[in-house]
Student: 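Have a look at the structure that comes next, please.
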2 protein chains.
Amino acid sequence: MLDDLDRRLLEILIKDSRTSLKELAQQVGLSSPSVAERLRRLEDRGVIRAFTVEIDPQALGYTLQAIVRIRPLPGKLHIVQKLIEGIPEFGECDKVTGDDCFVARLFVRSIGDLDKLLDRIADKAETSTAIIKAQPIRRRPPPLAATAFSNP
Amino acid sequence: MLDDLDRRLLEILIKDSRTSLKELAQQVGLSSPSVAERLRRLEDRGVIRAFTVEIDPQALGYTLQAIVRIRPLPGKLHIVQKLIEGIPEFGECDKVTGDDCFVARLFVRSIGDLDKLLDRIADKAETSTAIIKAQPIRRRPPPLAATAFSNP
DNA sequence: TAGTTCTACCTAATTAAATAAGGTGATGAC
DNA sequence: GTCATCACCTTATTTAATTAGGTAGAACTA
């Protein structure tokens, strides 16, 4: 589905999505119209979901982050999900198996703000929280190649 | 630190970082050189950490994701951290307070692969895993404005 | 107060990039 | 063997980014 050239293009774009077609073309040994066509197809196929910018939460005043495990009380699952959707402080949120709950990231400016946010869902779910101070260790996209199993 | 125009520019760029300067300029009511200058400064200040692409893990064959809680055995914290850094299947990873451990995302192609990865750190840490099937509910950057507390 | 500096913006000209148009050669289907 | 199709190419055109130089207003200084 993805060939080696596609993977190389994606690798470069993950690092800097403003890399020009000319530069991309040189690096993979194609002409720029060919690269443009490949990128267009990667987008069409949904491989590239978006061109975006990564923003430093600290620059916006979010000096604290928290990973929250939210287990909705019986019958409240959809209500809780709606709540989460509506609160901008929630970053990525995953519904996980096993203990049937959500695991979400919260961006906050203080412990106080965190408490207030958790209060909002307190009567609809059980929560447990782990605080992350300052910057996460690592943020990365899925691997493109050369995984521990090397079966791309 | 960030004024309203900056926030509006960031909002547009989060949605599509290829938006042209001309288009950005029109939307916020500036000229394109002014917008270019603002973006340059946002990058210099570290507010914009990177221009990047968001890639669909499924398109790369990662049909499964897992959130893993990793609690290193006494004295093994740095070894575990090094291990995580070296395994490409690990996505974002946070060191969290409270129970003194890591919370990380793993991209895998099968439960078998997940087991093999966890085996690698089994003698150095305790782990507990929650599986995410298919797509996460939501992935989002920190809020730019209009938070639950509206104190930007 | 008058002069100076700084900042954030502008317009116009230049340079660079993306796109569109049209062509070639290899591969596979009928 | 002919005809499509595909992925690529080059060249020309269009569009975008950058550079250079200038202006108005705020704050700073003598």
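Chain letters run A, B, ... following the sequence lines, proteins first and then strands; every chain starts at 1.
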Student: Got A:I131 and A:L114 here, is their nearest side-chain heavy-atom distance under 4.5 Å?
Tutor: yes

Student: Would you confirm whether A:T52, through its side chain, and B:I14, through its main-chain N or O, come within 3.5 Å as a donor-acceptor pair?
Tutor: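 Such a contact is found between A:T52 side chain and B:I14 backbone.
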
Student: What's the shortest heavy-atom distance between A:R105 and A:Q65, and which atoms?
Tutor: NH1-OE1, 2.8 Å

Student: Heavy atoms of chain B, cut-off under 4.0 Å: which first and last nucleotide of DNA chain D, 5' to 3', fall inside that, if you could look?
Tutor: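 The contact span of chain B on DNA chain D goes from D:dA16 to D:dT19.
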
Student: So do B:L106 and B:F90 actually touch side chain to side chain, heavy atoms under 4.5 Å?
Tutor: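 Sidechains of B:L106 and B:F90: in contact.
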
Student: Residues in side chain to side chain donor-acceptor pair (under 3.5 Å) with B:D44, at least two apart?
Tutor: B:R40

Student: Could you check whether any side-chain heavy atom of B:R38 comes within less than 4.5 Å of a side-chain heavy atom of B:V28, counting everything from C-beta outward?
Tutor: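 Heavy-atom side-chain distance check fails, nothing below 4.5 Å.
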
Student: Hey, what are the protein-to-nucleotides 11-21 of chain C N/O distances that come in under 3.5 Å?
Tutor:
from	atom 1	to	atom 2	distance (Å)
C:dA18	OP2	A:L21	N	2.7

Student: Which protein N or O atoms sit under 3.5 Å from an N or O of nucleotides 23-26 of chain C?
Tutor:
none

Student: Between B:E89 and B:K116, does any NZ, NE, NH1 or NH2 come within less than 4.0 Å of an OD or OE carboxylate oxygen?
Tutor: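 Salt bridge flag = no for B:E89 with B:K116.
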
Student: With a non-hydrogen cut-off below 4.0 angstrom, is A:R41 in contact with a base, only sugar-phosphate, or nothing?
Tutor: sugar-phosphate

Student: Indicate yes or no: at least one non-hydrogen side-chain atom of B:L64 is less than 4.5 angstrom from one of B:D113.
Tutor: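 A side-chain contact is absent here, since even the closest heavy-atom pair is not under 4.5 Å.
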
Student: Under 4.5 Å between any side-chain heavy atoms of B:V103 and A:V103, yes or no?
Tutor: no

Student: Can you list the stems that DNA chain D is part of, where a stem is at least 3 pairs in a row, each Watson-Crick or G-U, with both distances below 3.5 Å?
Tutor: C:1-30 with D:1-30

Student: Any heavy-atom pair between the side chains of B:V47 and A:D56 that's under 4.5 Å?
Tutor: no

Student: Within the structure provided, determine whether A:F107 and A:P88 are in side-chain contact (heavy-atom separation under 4.5 Å).
Tutor: no

Student: Please list all pairs passing the side chain to side chain donor-acceptor pair (under 3.5 Å) test where one or both residues lie in residues 25-35 of chain B, with sequence neighbours left out.
Tutor: B:E23-B:Q27, B:S31-B:S34

